Amino acid sequence: MKKKDIFTTSAFTQNSVWRQILGICSALAVTNLMLNSLVMGLGVIFTLALSGFTISLIREYIPKRIRMMVQILIIASYVIIVDLFLKAYYPEISKSLGPYVGLIITNCIIMGRAEAFAGKNVPIDSMIDGIGAGVGYTLVLLLIAFVRELFGFGSLFGIPILGDWWTKWSIMVMAPSAFFMLAVLIWIINTPRQRRG
Amino acid sequence: MELNAFIIFFAAIFTSNILLTNFLGMCSFLSVSKEIESSMGLGMAVTFVMTVTSAINYVVYHYVLVPLDIIYLQYIIFIIVIAAFVQLTEMVLERFSPLLYYSLGIFLPLITVNCAILGVSLFMIIRDYSFLQAVAYGAGSGLGWLLAILALAGIRKRIKDKYVPTGLVGAGLSLIITGIMALAFVGFSGIVVIQ
(Lines give C-alpha, C1' and ligand atoms only; values in the text may rest on other atoms or scores of the structure.)
Protein backbone atom coordinates (compact mmCIF):
# COMPACT_ATOMS: atom_id res chain seq x y z
CA MET A 1 0.00 0.00 0.00
CA LYS A 2 1.22 3.51 -0.79
CA LYS A 3 2.08 5.88 2.05
CA LYS A 4 -0.63 8.30 1.04
CA ASP A 5 -3.26 5.55 0.99
CA ILE A 6 -2.27 4.44 4.48
CA PHE A 7 -2.81 7.99 5.68
CA THR A 8 -6.20 8.58 4.08
CA THR A 9 -7.49 5.15 5.07
CA SER A 10 -6.77 5.59 8.74
CA ALA A 11 -7.73 9.27 8.80
CA PHE A 12 -11.00 9.20 6.87
CA THR A 13 -12.40 5.98 5.46
CA GLN A 14 -11.63 3.97 8.60
CA ASN A 15 -11.85 6.89 11.02
CA SER A 16 -11.65 5.49 14.53
CA VAL A 17 -14.35 7.67 16.04
CA TRP A 18 -17.22 7.38 13.61
CA ARG A 19 -16.46 4.04 11.96
CA GLN A 20 -15.24 2.03 14.91
CA ILE A 21 -16.61 4.09 17.83
CA LEU A 22 -13.26 4.04 19.62
CA GLY A 23 -11.72 6.63 21.87
CA ILE A 24 -14.88 8.59 22.44
CA CYS A 25 -14.30 9.15 26.17
CA SER A 26 -12.00 12.06 25.53
CA ALA A 27 -13.84 13.01 22.34
CA LEU A 28 -16.76 13.87 24.60
CA ALA A 29 -14.92 15.28 27.59
CA VAL A 30 -12.67 17.97 26.14
CA THR A 31 -14.86 19.24 23.32
CA ASN A 32 -16.51 22.16 25.12
CA LEU A 33 -13.60 24.37 24.02
CA MET A 34 -11.80 24.46 20.66
CA LEU A 35 -8.40 25.11 22.25
CA ASN A 36 -8.62 22.12 24.58
CA SER A 37 -9.67 19.90 21.68
CA LEU A 38 -6.77 21.05 19.53
CA VAL A 39 -4.21 20.45 22.28
CA MET A 40 -5.73 17.08 23.09
CA GLY A 41 -5.68 16.15 19.40
CA LEU A 42 -2.03 17.11 19.03
CA GLY A 43 -1.17 15.06 22.10
CA VAL A 44 -2.94 12.04 20.63
CA ILE A 45 -1.25 12.47 17.23
CA PHE A 46 2.17 12.61 18.93
CA THR A 47 1.47 9.54 21.05
CA LEU A 48 -0.06 7.55 18.19
CA ALA A 49 2.77 8.29 15.76
CA LEU A 50 5.64 7.55 18.11
CA SER A 51 4.09 4.59 19.90
CA GLY A 52 3.23 3.07 16.50
CA PHE A 53 6.81 3.58 15.40
CA THR A 54 8.30 2.08 18.59
CA ILE A 55 5.96 -0.87 18.82
CA SER A 56 6.55 -1.71 15.18
CA LEU A 57 10.32 -1.43 15.68
CA ILE A 58 10.39 -4.03 18.45
CA ARG A 59 7.45 -6.13 17.28
CA GLU A 60 9.70 -9.14 16.57
CA TYR A 61 11.06 -9.21 20.12
CA ILE A 62 7.88 -8.87 22.19
CA PRO A 63 6.70 -12.21 23.59
CA LYS A 64 3.06 -12.85 22.68
CA ARG A 65 1.87 -13.34 26.25
CA ILE A 66 2.93 -9.97 27.59
CA ARG A 67 2.28 -8.05 24.37
CA MET A 68 -0.50 -5.87 25.81
CA MET A 69 1.55 -4.94 28.86
CA VAL A 70 4.56 -3.90 26.79
CA GLN A 71 2.36 -1.83 24.49
CA ILE A 72 0.70 -0.05 27.41
CA LEU A 73 4.08 0.78 28.94
CA ILE A 74 5.38 2.22 25.66
CA ILE A 75 2.23 4.29 25.23
CA ALA A 76 2.39 5.47 28.84
CA SER A 77 5.98 6.67 28.39
CA TYR A 78 4.97 8.92 25.50
CA VAL A 79 1.93 10.20 27.37
CA ILE A 80 4.22 11.20 30.24
CA ILE A 81 6.28 13.25 27.77
CA VAL A 82 3.11 15.00 26.56
CA ASP A 83 1.97 15.62 30.13
CA LEU A 84 5.32 17.04 31.29
CA PHE A 85 5.54 19.22 28.19
CA LEU A 86 2.08 20.70 28.81
CA LYS A 87 2.76 21.19 32.52
CA ALA A 88 6.01 23.02 31.75
CA TYR A 89 4.93 25.27 28.88
CA TYR A 90 1.14 25.51 29.05
CA PRO A 91 0.21 25.03 32.73
CA GLU A 92 -3.28 26.54 32.28
CA ILE A 93 -4.29 24.19 29.49
CA SER A 94 -2.79 21.29 31.40
CA LYS A 95 -4.95 22.23 34.38
CA SER A 96 -8.16 22.53 32.41
CA LEU A 97 -7.56 19.21 30.65
CA GLY A 98 -7.04 17.64 34.08
CA PRO A 99 -6.80 13.87 34.10
CA TYR A 100 -7.73 13.55 30.44
CA VAL A 101 -4.10 13.90 29.32
CA GLY A 102 -3.18 10.87 31.42
CA LEU A 103 -6.20 9.08 30.08
CA ILE A 104 -4.71 9.12 26.58
CA ILE A 105 -3.03 5.90 27.78
CA THR A 106 -6.32 4.05 27.93
CA ASN A 107 -7.66 5.70 24.78
CA CYS A 108 -8.77 2.67 22.80
CA ILE A 109 -7.63 4.21 19.50
CA ILE A 110 -3.98 3.92 20.45
CA MET A 111 -4.21 0.32 21.62
CA GLY A 112 -6.37 -0.43 18.61
CA ARG A 113 -3.83 0.93 16.11
CA ALA A 114 -1.00 -0.83 17.94
CA GLU A 115 -2.84 -4.14 17.72
CA ALA A 116 -4.26 -3.76 14.23
CA PHE A 117 -1.42 -2.05 12.40
CA ALA A 118 1.86 -1.47 14.23
CA GLY A 119 2.19 -5.09 15.26
CA LYS A 120 2.24 -6.23 11.64
CA ASN A 121 3.87 -3.47 9.59
CA VAL A 122 7.21 -1.71 9.18
CA PRO A 123 8.00 1.29 11.44
CA ILE A 124 7.61 4.11 8.90
CA ASP A 125 4.22 2.84 7.69
CA SER A 126 3.05 2.44 11.29
CA MET A 127 4.04 6.01 12.03
CA ILE A 128 2.09 7.31 9.02
CA ASP A 129 -0.87 5.20 10.07
CA GLY A 130 -0.66 6.67 13.57
CA ILE A 131 -0.53 10.23 12.27
CA GLY A 132 -3.49 9.49 10.00
CA ALA A 133 -5.60 8.05 12.80
CA GLY A 134 -4.62 10.99 15.03
CA VAL A 135 -5.55 13.58 12.40
CA GLY A 136 -8.91 11.91 11.84
CA TYR A 137 -9.53 11.93 15.57
CA THR A 138 -8.52 15.59 15.90
CA LEU A 139 -10.86 16.60 13.08
CA VAL A 140 -13.81 14.98 14.84
CA LEU A 141 -12.86 16.68 18.11
CA LEU A 142 -12.60 20.09 16.43
CA LEU A 143 -15.89 19.61 14.59
CA ILE A 144 -17.79 18.85 17.80
CA ALA A 145 -15.97 21.57 19.72
CA PHE A 146 -16.78 24.11 17.00
CA VAL A 147 -20.51 23.67 17.51
CA ARG A 148 -20.35 23.36 21.28
CA GLU A 149 -18.14 26.40 21.86
CA LEU A 150 -19.94 28.55 19.30
CA PHE A 151 -23.38 27.96 20.77
CA GLY A 152 -22.33 27.43 24.38
CA PHE A 153 -19.98 30.39 24.83
CA GLY A 154 -20.57 32.36 21.62
CA SER A 155 -16.86 32.22 20.89
CA LEU A 156 -14.22 30.25 18.98
CA PHE A 157 -10.77 29.61 20.45
CA GLY A 158 -11.83 31.98 23.23
CA ILE A 159 -12.42 34.88 20.80
CA PRO A 160 -15.99 36.24 21.03
CA ILE A 161 -17.77 35.73 17.71
CA LEU A 162 -21.46 36.08 18.29
CA GLY A 163 -21.48 39.24 20.43
CA ASP A 164 -23.77 40.30 23.26
CA TRP A 165 -27.13 39.70 21.62
CA TRP A 166 -26.47 35.96 21.65
CA THR A 167 -28.12 34.06 24.49
CA LYS A 168 -25.65 31.38 25.48
CA TRP A 169 -26.98 27.85 25.35
CA SER A 170 -25.52 26.64 28.59
CA ILE A 171 -26.71 23.10 27.83
CA MET A 172 -24.08 22.99 25.08
CA VAL A 173 -21.31 23.29 27.65
CA MET A 174 -22.80 20.60 29.85
CA ALA A 175 -22.36 16.85 29.54
CA PRO A 176 -25.59 15.76 27.78
CA SER A 177 -25.02 17.87 24.67
CA ALA A 178 -21.69 16.09 24.09
CA PHE A 179 -23.56 12.80 23.72
CA PHE A 180 -26.14 14.37 21.42
CA MET A 181 -23.55 16.08 19.24
CA LEU A 182 -21.55 12.89 18.72
CA ALA A 183 -24.73 10.93 18.01
CA VAL A 184 -25.82 13.48 15.40
CA LEU A 185 -22.37 13.42 13.81
CA ILE A 186 -22.43 9.63 13.51
CA TRP A 187 -25.96 9.84 12.15
CA ILE A 188 -25.04 12.37 9.46
CA ILE A 189 -21.98 10.41 8.38
CA ASN A 190 -23.72 7.05 8.33
CA THR A 191 -26.84 8.05 6.43
CA PRO A 192 -25.57 8.55 2.84
CA ARG A 193 -23.31 5.50 3.14
CA GLN A 194 -26.23 3.25 3.94
CA ARG A 195 -28.40 4.74 1.25
CA ARG A 196 -25.74 4.01 -1.34
CA GLY A 197 -25.13 0.46 -0.32
CA MET B 1 -11.90 20.94 51.00
CA GLU B 2 -13.32 18.70 53.70
CA LEU B 3 -16.10 16.56 52.44
CA ASN B 4 -17.65 13.70 54.32
CA ALA B 5 -16.70 10.38 52.70
CA PHE B 6 -20.38 9.44 52.78
CA ILE B 7 -21.32 12.52 50.78
CA ILE B 8 -18.59 11.79 48.22
CA PHE B 9 -19.93 8.27 47.88
CA PHE B 10 -23.40 9.50 46.96
CA ALA B 11 -22.16 12.36 44.84
CA ALA B 12 -20.04 9.91 42.82
CA ILE B 13 -23.11 7.83 42.08
CA PHE B 14 -25.56 10.59 41.20
CA THR B 15 -24.29 14.12 40.72
CA SER B 16 -20.81 13.39 39.37
CA ASN B 17 -21.47 10.08 37.72
CA ILE B 18 -18.18 8.98 36.21
CA LEU B 19 -19.82 7.98 32.96
CA LEU B 20 -22.53 10.56 32.48
CA THR B 21 -20.59 13.64 33.54
CA ASN B 22 -16.95 12.64 33.07
CA PHE B 23 -17.47 10.41 30.02
CA LEU B 24 -15.17 7.66 31.25
CA GLY B 25 -15.48 4.00 30.38
CA MET B 26 -17.51 4.65 27.25
CA CYS B 27 -15.95 1.95 25.04
CA SER B 28 -17.04 -1.05 27.05
CA PHE B 29 -20.20 0.79 28.06
CA LEU B 30 -21.40 0.92 24.45
CA SER B 31 -20.24 -2.53 23.41
CA VAL B 32 -21.39 -4.60 26.39
CA SER B 33 -24.74 -2.95 27.10
CA LYS B 34 -26.65 -5.20 24.69
CA GLU B 35 -27.74 -7.57 27.46
CA ILE B 36 -28.70 -6.96 31.04
CA GLU B 37 -26.90 -9.98 32.44
CA SER B 38 -23.50 -9.23 30.96
CA SER B 39 -23.91 -5.56 31.90
CA MET B 40 -24.50 -6.62 35.49
CA GLY B 41 -21.41 -8.85 35.42
CA LEU B 42 -19.15 -6.19 33.96
CA GLY B 43 -20.58 -3.54 36.27
CA MET B 44 -19.87 -5.63 39.35
CA ALA B 45 -16.34 -6.41 38.18
CA VAL B 46 -15.72 -2.71 37.53
CA THR B 47 -17.07 -1.71 40.95
CA PHE B 48 -14.86 -4.24 42.71
CA VAL B 49 -11.67 -3.40 40.81
CA MET B 50 -12.31 0.35 41.08
CA THR B 51 -12.78 0.26 44.85
CA VAL B 52 -9.67 -1.79 45.53
CA THR B 53 -7.36 -0.12 43.00
CA SER B 54 -8.28 3.36 44.24
CA ALA B 55 -7.20 2.21 47.72
CA ILE B 56 -3.96 0.62 46.48
CA ASN B 57 -3.11 3.55 44.23
CA TYR B 58 -3.73 5.98 47.08
CA VAL B 59 -1.24 4.14 49.29
CA VAL B 60 1.29 3.76 46.49
CA TYR B 61 1.03 7.42 45.53
CA HIS B 62 1.31 8.92 49.00
CA TYR B 63 3.78 6.49 50.57
CA VAL B 64 6.00 5.54 47.64
CA LEU B 65 5.82 8.05 44.80
CA VAL B 66 5.71 11.26 46.89
CA PRO B 67 8.59 10.39 49.29
CA LEU B 68 10.77 9.21 46.40
CA ASP B 69 9.85 12.31 44.38
CA ILE B 70 8.88 10.37 41.26
CA ILE B 71 5.33 11.65 40.86
CA TYR B 72 5.82 11.95 37.11
CA LEU B 73 5.83 8.16 36.91
CA GLN B 74 2.30 8.01 38.32
CA TYR B 75 0.62 7.01 35.03
CA ILE B 76 2.91 4.03 34.51
CA ILE B 77 2.70 2.94 38.14
CA PHE B 78 -1.10 3.26 38.27
CA ILE B 79 -1.61 1.26 35.10
CA ILE B 80 0.75 -1.45 36.33
CA VAL B 81 -1.09 -1.64 39.66
CA ILE B 82 -4.42 -1.93 37.85
CA ALA B 83 -3.19 -4.55 35.38
CA ALA B 84 -1.49 -6.57 38.10
CA PHE B 85 -4.55 -6.42 40.33
CA VAL B 86 -6.85 -7.52 37.53
CA GLN B 87 -4.53 -10.42 36.75
CA LEU B 88 -4.40 -11.40 40.42
CA THR B 89 -8.18 -11.27 40.78
CA GLU B 90 -8.52 -13.46 37.75
CA MET B 91 -6.17 -16.09 39.18
CA VAL B 92 -7.74 -16.04 42.66
CA LEU B 93 -11.23 -16.34 41.22
CA GLU B 94 -10.22 -19.19 38.96
CA ARG B 95 -8.69 -21.06 41.89
CA PHE B 96 -11.30 -20.52 44.59
CA SER B 97 -14.58 -19.71 42.94
CA PRO B 98 -14.98 -21.23 39.48
CA LEU B 99 -18.64 -20.23 39.43
CA LEU B 100 -17.87 -16.55 39.91
CA TYR B 101 -14.97 -16.90 37.51
CA TYR B 102 -17.24 -18.01 34.71
CA SER B 103 -19.68 -15.16 35.25
CA LEU B 104 -17.11 -12.38 35.79
CA GLY B 105 -13.93 -13.84 34.37
CA ILE B 106 -14.45 -12.95 30.74
CA PHE B 107 -14.91 -9.29 31.66
CA LEU B 108 -11.74 -8.92 33.68
CA PRO B 109 -9.28 -8.43 30.77
CA LEU B 110 -11.60 -5.72 29.42
CA ILE B 111 -11.18 -3.80 32.63
CA THR B 112 -7.45 -3.11 32.31
CA VAL B 113 -8.13 -0.80 29.40
CA ASN B 114 -11.32 0.67 30.86
CA CYS B 115 -10.46 4.33 31.24
CA ALA B 116 -12.87 4.79 34.15
CA ILE B 117 -10.57 2.79 36.45
CA LEU B 118 -7.48 4.86 35.68
CA GLY B 119 -9.66 7.98 35.67
CA VAL B 120 -10.83 7.41 39.25
CA SER B 121 -7.23 7.06 40.43
CA LEU B 122 -6.21 10.26 38.64
CA PHE B 123 -9.23 12.24 39.87
CA MET B 124 -8.61 11.26 43.48
CA ILE B 125 -5.03 12.55 43.23
CA ILE B 126 -6.05 15.80 41.53
CA ARG B 127 -8.82 16.45 44.07
CA ASP B 128 -6.48 15.66 46.95
CA TYR B 129 -8.73 13.17 48.73
CA SER B 130 -7.94 11.48 52.03
CA PHE B 131 -7.75 7.68 52.11
CA LEU B 132 -11.34 7.24 53.25
CA GLN B 133 -12.61 9.76 50.68
CA ALA B 134 -10.65 8.03 47.92
CA VAL B 135 -12.13 4.64 48.71
CA ALA B 136 -15.63 6.10 48.97
CA TYR B 137 -15.11 7.83 45.65
CA GLY B 138 -13.90 4.62 44.02
CA ALA B 139 -16.83 2.57 45.31
CA GLY B 140 -19.36 5.28 44.45
CA SER B 141 -18.02 5.72 40.93
CA GLY B 142 -18.14 1.98 40.36
CA LEU B 143 -21.75 1.78 41.51
CA GLY B 144 -22.62 4.82 39.41
CA TRP B 145 -21.12 3.13 36.36
CA LEU B 146 -23.05 -0.05 37.15
CA LEU B 147 -26.26 1.96 37.43
CA ALA B 148 -25.68 3.69 34.10
CA ILE B 149 -24.85 0.54 32.14
CA LEU B 150 -27.81 -1.35 33.65
CA ALA B 151 -30.16 1.47 32.73
CA LEU B 152 -28.83 1.62 29.18
CA ALA B 153 -29.06 -2.16 28.77
CA GLY B 154 -32.66 -2.08 30.01
CA ILE B 155 -33.65 0.72 27.65
CA ARG B 156 -31.89 -0.86 24.68
CA LYS B 157 -33.75 -4.10 25.27
CA ARG B 158 -37.07 -2.28 25.24
CA ILE B 159 -36.51 -0.43 21.98
CA LYS B 160 -34.77 -3.25 20.15
CA ASP B 161 -37.66 -3.91 17.78
CA LYS B 162 -38.82 -0.33 17.36
CA TYR B 163 -38.24 1.68 14.21
CA VAL B 164 -35.26 4.04 14.21
CA PRO B 165 -33.62 5.85 11.27
CA THR B 166 -31.06 3.49 9.74
CA GLY B 167 -28.16 5.88 10.22
CA LEU B 168 -28.75 5.87 13.95
CA VAL B 169 -28.85 2.12 14.54
CA GLY B 170 -26.19 0.99 16.99
CA ALA B 171 -23.82 3.50 18.49
CA GLY B 172 -25.75 6.61 17.48
CA LEU B 173 -28.91 5.49 19.22
CA SER B 174 -27.02 4.42 22.35
CA LEU B 175 -25.38 7.83 22.50
CA ILE B 176 -28.73 9.60 22.29
CA ILE B 177 -30.16 7.42 25.06
CA THR B 178 -27.08 8.13 27.15
CA GLY B 179 -27.52 11.83 26.48
CA ILE B 180 -31.11 11.74 27.74
CA MET B 181 -29.94 9.78 30.80
CA ALA B 182 -27.26 12.40 31.39
CA LEU B 183 -29.96 15.10 31.20
CA ALA B 184 -31.92 13.25 33.87
CA PHE B 185 -28.83 13.03 36.05
CA VAL B 186 -28.26 16.77 35.67
CA GLY B 187 -31.43 17.03 37.72
CA PHE B 188 -29.57 15.57 40.69
CA SER B 189 -26.90 18.22 40.57
CA GLY B 190 -28.74 20.56 42.92
CA ILE B 191 -28.22 18.15 45.82
CA VAL B 192 -24.47 18.23 46.31
CA VAL B 193 -21.52 19.15 44.15
CA ILE B 194 -18.04 17.71 44.21
CA GLN B 195 -15.45 19.08 41.89
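Just so you know, these numbers come straight off a predicted model, no measurement behind them. Chain letters run A, B, ... following the sequence lines, proteins first and then strands; every chain starts at 1.
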* Asked: What's the shortest heavy-atom distance between B:L118 and A:G102, and which atoms?
  -> CD2-O, 4.0 Å
* To do: Report whether B:I76 and B:Y72 are members of the same hydrophobic cluster (ILVMFWY, side-chain heavy atoms less than 4.5 Å apart, transitive linking).
  => yes
* Asked: Can you find a heavy atom in the side chain of A:Y100 that is under 4.5 Å from one in the side chain of B:L24?
  -> yes
* To do: Just give me the residue among A:A76, A:P99, A:S177 that pairs up with chain B most often, heavy atom to heavy atom, under 4.5 Å.
  => A:P99
* To do: Using non-hydrogen atoms and a 4.5 Å limit, figure out which bit of B:L183 sits close to chain A: side chain, backbone, both or neither.
  => both
* Asked: Checking heavy atoms, do the side chain of A:M69, its backbone, both or neither come under 4.5 Å from chain B?
  -> side chain
* Asked: From B:I79 CD1 over to A:L73 CG, what is the distance, rounded to the nearest 0.5 angstrom?
  -> 9.0 Å
* What part of B:L173 is in contact with chain A, defined as an atom under 4.5 angstrom from a non-hydrogen atom: side chain, backbone, both or neither? -> neither
* Structure fact -> chain A shares the most heavy-atom pairs under 4.5 Å, among B:L122, B:L19, B:I117, B:L73, with B:L122
* To do: Pick whichever of B:S121, B:G172, B:G179, B:S174 has the most heavy-atom pairs under 4.5 Å with chain A.
  => B:G179
* Compare every heavy atom of A:L103 with every heavy atom of B:C115, then report the nearest pair and how far apart it is. => O-CD2, 3.5 Å
* Name the region of A:L182, side chain, backbone, both or neither, that has any atom closer than 4.5 Å to a heavy atom of chain B. => both
* Quick one: does B:I176's side chain get under 4.5 Å of A:F179's, heavy atoms only? -> no
* Residues, nucleotides or ligands: over 12 heavy atoms within 6.0 Å of B:L132 CG -> no
* Cluster check B:F78, B:V59: I/L/V/M/F/W/Y, side chain < 4.5 angstrom -> yes
* Asked: So do A:I72 and B:I80 actually touch side chain to side chain, heavy atoms under 4.5 Å?
  -> no
* Asked: Any chain of hydrophobic side-chain contacts (each under 4.5 Å) joining B:V120 to B:I126?
  -> no
* **Closest contact, heavy atoms only, A:A29 versus B:F23** => CA-CD1, 3.3 Å
* Asked: Should A:V39 and A:L84 be counted in the same cluster of Ile, Leu, Val, Met, Phe, Trp and Tyr side chains packed under 4.5 Å apart?
  -> yes
* **Part of B:I180 lying under 4.5 Å from any heavy atom of chain A** => both
* Among A:D83, A:V79, A:I75, which has the most heavy-atom pairs under 4.5 Å with chain B? -> A:D83
* Asked: Is B:I159 reachable from A:F180 through a run of hydrophobic residues whose side-chain heavy atoms are each under 4.5 Å from the next?
  -> yes
